[in-house]
Amino acid sequence: MPQPGPLTRRRLLALGGASLFLPCAGRAAAGCRAGGPSLRMGVQTDLHHGLDPRAMERLEAFLAAAQAREDEAVAQLGDFNYADAGARECLDLWEQAPGRRLDVLGNHDMDKATKEETVAAWGMPGRHHSLDLGGWHVVVLDRNNLRTDEGYVGYSRSNYYVDVERRGHADAEQLEWLASDLAATSLPTLVLVHQGLGVQDRDAPGAAARRPIEDVLAAARHPDGRPKVSAVLCGHHHIDRYRQRDGIHYLWINSASYYWVGGDYGRMAPYADALFAFLTLHPDGAIEVEGRASDWEPPSPAERGYPDAERLTPFIADRSLAAPRPA
């Protein structure tokens, strides 16, 4: 495993070359389908730099593997770093990433900073935005908003530790923008967001915040009835989950680093290796997901006596997500 620390462009290239024996490395593995070449994207989430002592090592492993694959883009789905002076090493390393960098705001990214400060520190084009990339339309959403009697307030310096039904909202302005943005594209669409969507159970409380977003995504259709949104990628929950709803694939990406078991069980249950996933996004809207598997650093949640240990996994599963179908 590479040692943590600053990663120069030369060192990153060397690490990428050393990783060429990774499964599915390189352009040839991605393949093509009718309509043009496929887009390759690496995804990592919930690194928690500033909390996980091995965060730099885990980010370095992800970027080296993405370099080996020659991915066109890499995305982090939030809870990346605190956007303060201590995050400089993380940001310096991230700036060496191969291809287009995509950033999603997570709640803990505003533990020590305002949302505006985080957007500026990361060089984001905006808290929510979209772009066309490799024959796909990619949408980045911001659910880091509190609903109040007066309207919506952005997360800022840990102000979001309030009732769960008030958290994780997309403000009305953003929902209006999202509907217009999806109406204007004819490309297969991938949505990136931190807090989980598409799953209605104890892992994602706050239905009042989720459903307005899900309704806008479901309403975006091609003339033949196919969903415009092929898949939604989420972080936040530190578990590997999948659901299909309204013809849209909802995929929760596991944390790069650990599962939080709480103070009674030792706080963090770390993964032995960095977790991340690689996507091959085909021009017809189908997506192949190549996940990373690891194990628990002992003691595991089960060995700690954590009551929900059986539902936790130190991996991101491989998946094949079918292209959207006509209604």
Side-chain angles (χ1 to χ4, degrees), residues 22-45 65-66 68-75 77 98-102 104 129-141 178-193 196-199 213-235 240-253 276-292 316-327:
L22 289 169
C24 299
R27 291 180 178 269
C32 295
R33 291 193 179 187
S38 300
L39 170 67
R40 294 170 308 282
M41 178 184 295
V43 180
Q44 190 173 58
T45 190
R69 279 175 44 99
E70 302 180 11
D71 281 351
E72 288 95 345
V74 289
L77 302 184
R100 181 67 177 262
R101 298 190 307 275
L102 302 172
V104 178
H129 57 277
S130 65
L131 70 157
D132 292 344
L133 183 65
W136 278 70
H137 188 62
V138 181
V139 176
V140 173
L141 295 181
L178 177 61
S180 297
D181 181 82
L182 293 175
T185 188
S186 60
L187 296 175
T189 297
L190 178 71
V191 175
L192 308 178
V193 62
L197 293 171
V199 177
I213 307 170
E214 294 165 355
D215 289 346
V216 173
L217 299 178
R221 300 273 167 171
H222 292 286
D224 64 1
R226 287 177 299 129
K228 287 191 173 182
V229 177
S230 292
V232 179
L233 303 187
C234 314
D240 183 79
R241 295 288 297 276
Y242 167 80
R243 292 289 186 274
Q244 187 178 42
R245 182 180 180 191
D246 299 315
I248 299 171
H249 303 289
Y250 287 91
L251 183 61
W252 292 9
I253 305 294
F276 44 82
F278 291 112
L279 310 181
T280 302
L281 297 100
H282 298 293
D284 62 356
I287 303 174
E288 303 296 331
V289 181
E290 178 191 340
R292 178 91 182 267
I316 299 171
D318 295 344
R319 302 181 191 275
S320 293
L321 309 180
R325 298 179 179 178

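Count residues from 1 along the sequence.
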Output the distance between atom [atom1] ([X]) and atom [atom2] ([Y]), rounded to the nearest 0.5 Å.
| X | Y | atom1 | atom2 | result |
| --- | --- | --- | --- | --- |
| His137 | Leu190 | NE2 | CG | 10.5 Å |
| Arg69 | Met41 | CZ | CE | 11.0 Å |
| Thr45 | Leu77 | OG1 | CG | 4.0 Å |
| Ile248 | Leu321 | CD1 | CG | 12.5 Å |
| Leu178 | Asp215 | CG | CG | 11.0 Å |
| Leu217 | Leu141 | CG | CG | 7.0 Å |

Decide side chain to side chain contact (heavy atoms under 4.5 Å, CB included) for Leu131 and Leu102; before the verdict, give the C-alpha distance in whole Å, the side-chain angles of both, and the deciding distance to 0.1 Å.
CA-CA 10 Å; Leu131 70 157; Leu102 302 172; 4.0 Å; yes

[X] side chain to [Y] main-chain N or O, any donor-acceptor pair under 3.5 Å?
| X | Y | result |
| --- | --- | --- |
| Arg245 | Tyr250 | no |
| Trp136 | His282 | yes |
| Thr189 | Leu187 | yes |
| Gln44 | Phe276 | no |
| Glu72 | Gly99 | no |

Beyond-backbone contact of Arg241 with Val199, side-chain heavy atoms, under 4.5 angstrom:
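Side chain of Arg241 against side chain of Val199, heavy atoms only: contact under 4.5 Å found.
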
With side chains defined as the heavy atoms from C-beta onward, is the minimum distance between His249 and Tyr242 less than 4.5 Å?
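Heavy-atom side-chain distance check passes, below 4.5 Å.
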
On a heavy-atom basis, which atom in [X] and which in [Y] lie closest, and how many Å separate them?
| X | Y | result |
| --- | --- | --- |
| Asp71 | Gly42 | OD2-N, 3.3 Å |
| Thr280 | Ser38 | CG2-CB, 3.7 Å |
| Gly291 | Asp318 | N-OD1, 2.7 Å |

Per-pair distances, 0.1 Å, donor-acceptor, side chain in residues 222-235, under 3.5 Å, sequence neighbours excluded:
{"from": "Asp224", "atom 1": "OD1", "to": "Arg226", "atom 2": "N", "distance (Å)": "3.0"}
{"from": "Asp224", "atom 1": "OD1", "to": "Arg226", "atom 2": "NE", "distance (Å)": "3.1"}
{"from": "Asp224", "atom 1": "OD2", "to": "Arg226", "atom 2": "NE", "distance (Å)": "2.7"}
{"from": "Lys228", "atom 1": "NZ", "to": "Leu182", "atom 2": "O", "distance (Å)": "2.9"}
{"from": "Lys228", "atom 1": "NZ", "to": "Ala183", "atom 2": "O", "distance (Å)": "3.2"}
{"from": "Lys228", "atom 1": "NZ", "to": "Thr185", "atom 2": "O", "distance (Å)": "2.8"}
{"from": "Ser230", "atom 1": "OG", "to": "Gly285", "atom 2": "O", "distance (Å)": "3.2"}

What do you reckon, is CZ of Arg319 surrounded by more than 12 foreign heavy atoms closer than 6.0 Å?
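Check passes, neighbour count above 12.
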
Would you please name every residue forming a side chain to side chain contact (heavy atoms under 4.5 Å, CB included) with Val140, sequence neighbours left out?
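In terms of side chain to side chain contact (heavy atoms under 4.5 Å, CB included), with neighbours along the sequence ignored, Val140 is linked to Val104, His129, Leu192.
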
Tell me whether Arg221 is salt-bridged to Asp246, with the criterion being a basic N under 4.0 Å from an acidic carboxylate O.
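A salt bridge is absent here (no side-chain N lies under 4.0 Å from a carboxylate O).
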
